[in-house]
There are 2 protein chains.
Amino acid sequence: MPYDPSAFPPFAVTVDLVVLTVRRHALCALAVRRGEPPFQGRWALPGGFVRADEDLAQAAARELAEETGLSVHDPSVPAQDNGAHLEQLATYGDPKRDPRMRVVSVAHLALAPDLPAPRAGGDASNARWAPVEELLQQGGYGRDAEPVAPLAFDHAQILADGVERARSKIEYSSLATAFCPPEFTVGELRRVYEAVWGVALDPRNFHRKVTGTPGFLVPTGGTTTRQGGRPAQLFRAGGATLLNPPMLRPEV
Amino acid sequence: MPYDPSAFPPFAVTVDLVVLTVRRHALCALAVRRGEPPFQGRWALPGGFVRADEDLAQAAARELAEETGLSVHDPSVPAQDNGAHLEQLATYGDPKRDPRMRVVSVAHLALAPDLPAPRAGGDASNARWAPVEELLQQGGYGRDAEPVAPLAFDHAQILADGVERARSKIEYSSLATAFCPPEFTVGELRRVYEAVWGVALDPRNFHRKVTGTPGFLVPTGGTTTRQGGRPAQLFRAGGATLLNPPMLRPEV
DNA sequence: AGTGTTTATCGTCAGGCAGACGACTATGAT
DNA sequence: ATCATAGTCGTCTGCCTGACGATAAACACT
């Protein structure tokens, strides 16, 4: 059939971001408060429209920078750091997911080290890091027994998918280091796994595993005692991205 | 900011399909010949526009049915079969990926058992199963030394991503059974792994692994000798979808 | 009938890795 | 000085895998 502009309906395309970090031993996601309808006043994932001349990954990186100030870690520049990991997650296109019009959202997953306070257009009260369990419990009650409204749109589903992706991906890749500062200890990395998976890991077996996997960790020579106790060696993330054999997530 | 329809550019949204099967010990993908510009006469992945009232998964299932006659296997109907596995793969939205206009394509991955001849609008010469290596070699020469044009658009990248997804996913899931007929033998399943990974597996260790994984295979009681040699037990796919521990892909 | 070929299936054995856990080390707090 | 905390090194046992021998049951020959 010949090219016929009337043969397809127009869509709006957005990127939504699942930005995860580990704060105070809990896996947290960035949420922003919606300032306009629909879902005005409700919490949502950060995101926005893809511009006319923009690739999807560019749009996601731009939104991430706007919301957090984070730049995206470019694997071709190994020395660089304080950049976040960013990858495409999935695309959501239910015809009714946005009541205004037909919107297809390409969700992305970002993993970042613990940051100072978030900013959403400079207004701190409209952006926060919240534990993912708190954001995902539908219509429950938060820590202070205040009612919790579910996330806007289908963002609860997107967040759940992003969390599941992160949980499974740190099994077989070195992505957990994306949650850590440039230099970190084995114990800090273990607490990342514990927070993301919600389990306790044996410190001795974990230490054996990560230090015994070639290319995973590179000792920097320094030590730190910021966690209390005996000083621990500092490491940087090594070049290896795939963990083989993988880190095993305990059952149950 | 208030709702402003002029604030976002319109996009066309399509679904493209990576349909994989195993034919004659080779991993093959479905390709269709383009009948109109751009890339007229070149091979491409099947796909089409998402309709105004259609979900992305619905659109992918519809395109799959149009091209192959396959229905999608619904996990909630365990008895049903001859359905294919269908899952979202990734979304491709480079501003220049289609020279006509801004098109975002949500690629899907389908795994199907070996089928009779394909059909594309009833015209067999415009659709074929081709080994993925043949479709992916850029500007090389095919089996009969005829020059091979690369796939249209960015479909080589999409196909490569789909193949990689399939290769990694059969490691830790029971998805390889989607390439098999409803009843199959351990040897047939092993030949699926060998074709998808392009390696040779030890029949004895493979047999021990798959029959020893609870829920992976369910014996039907029948036997077959269609492969020659000693009759082999027939199995159906069991309820387990995740393989733990995974099937290990040999190095190199 | 006998022999060879093919494929399926069962067994054995050694090495590697993970889980459980003991022991020791080096800090800061009381 | 003692305790609490966290890090690091070892040991042991069991499970799983890779390598590979052996047997079984069909078919194709001669």
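Bear in mind the structure is a predicted one, so any value in this text is a computation, not a measurement. Proteins get letters first, then strands, A, B, ... in listed order; numbering begins at 1 in each.
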Expressed as a whole number of angstroms, how long is the span from [X]:[atom1] to [N]:[atom2]?
X	N	atom1	atom2	result
A:Tyr172	C:dA18	OH	C1'	21 Å
A:Arg249	C:dC17	CZ	P	22 Å
B:Leu201	D:dC20	CG	P	15 Å
B:Leu189	C:dT7	CG	P	17 Å
A:Phe206	C:dC17	CZ	P	17 Å
A:Gln233	C:dT25	CD	P	17 Å
A:Lys209	C:dC21	NZ	P	21 Å
B:Arg226	D:dC27	CZ	C1'	17 Å

Looking only at side-chain N and O atoms, does A:His207 come under 4.0 Å of OP1 or OP2 in D:dT8?
yes
Among [options], find the nucleotide with the atom closest to the side chain of [X].
X	options	value
B:Pro245	C:dT9, C:dA20, D:dT17	D:dT17
B:Arg204	D:dT17, C:dC10, C:dA8	C:dC10
A:Arg190	D:dG7, C:dC13, C:dC10	D:dG7
B:Asn205	D:dA19, C:dA18, C:dT9	D:dA19

Thinking salt bridges, do B:Arg128 and B:Glu134 make one under a 4.0 Å N-O criterion?
yes
With DNA chain D as reference, determine whether B:Leu248 or A:Arg208 sits nearer its 5' end, using the nearest nucleotide of each.
A:Arg208
Let me know, please, whether A:Met247 or B:Gly228 comes out on the 5' side of the other along DNA chain C by nearest nucleotide.
B:Gly228
Reported NE2-to-CG distance for the pair B:His85 and B:Leu64, which is rounded to 0.5 angstrom:
11.5 Å
Just checking B:Arg191: base, sugar-phosphate only, or nothing, at a heavy-atom cut-off of under 4.0 Å?
sugar-phosphate
Short side-chain donor-acceptor distance under 3.5 Å, B:Asp16 and B:Tyr92:
no
Quick check on the 6.0 Å ring-centre criterion: do B:Phe184 and B:Phe235 meet it?
no
Quick check on side-chain contact (heavy atoms from CB on, under 4.5 Å): which of A:Leu175, A:Val18, A:Thr177, A:Val196 does A:Leu111 satisfy it with?
A:Leu175
Has the side chain of B:Arg230 got a donor or acceptor atom sitting under 3.5 Å from an opposite partner on the base of D:dA26?
no
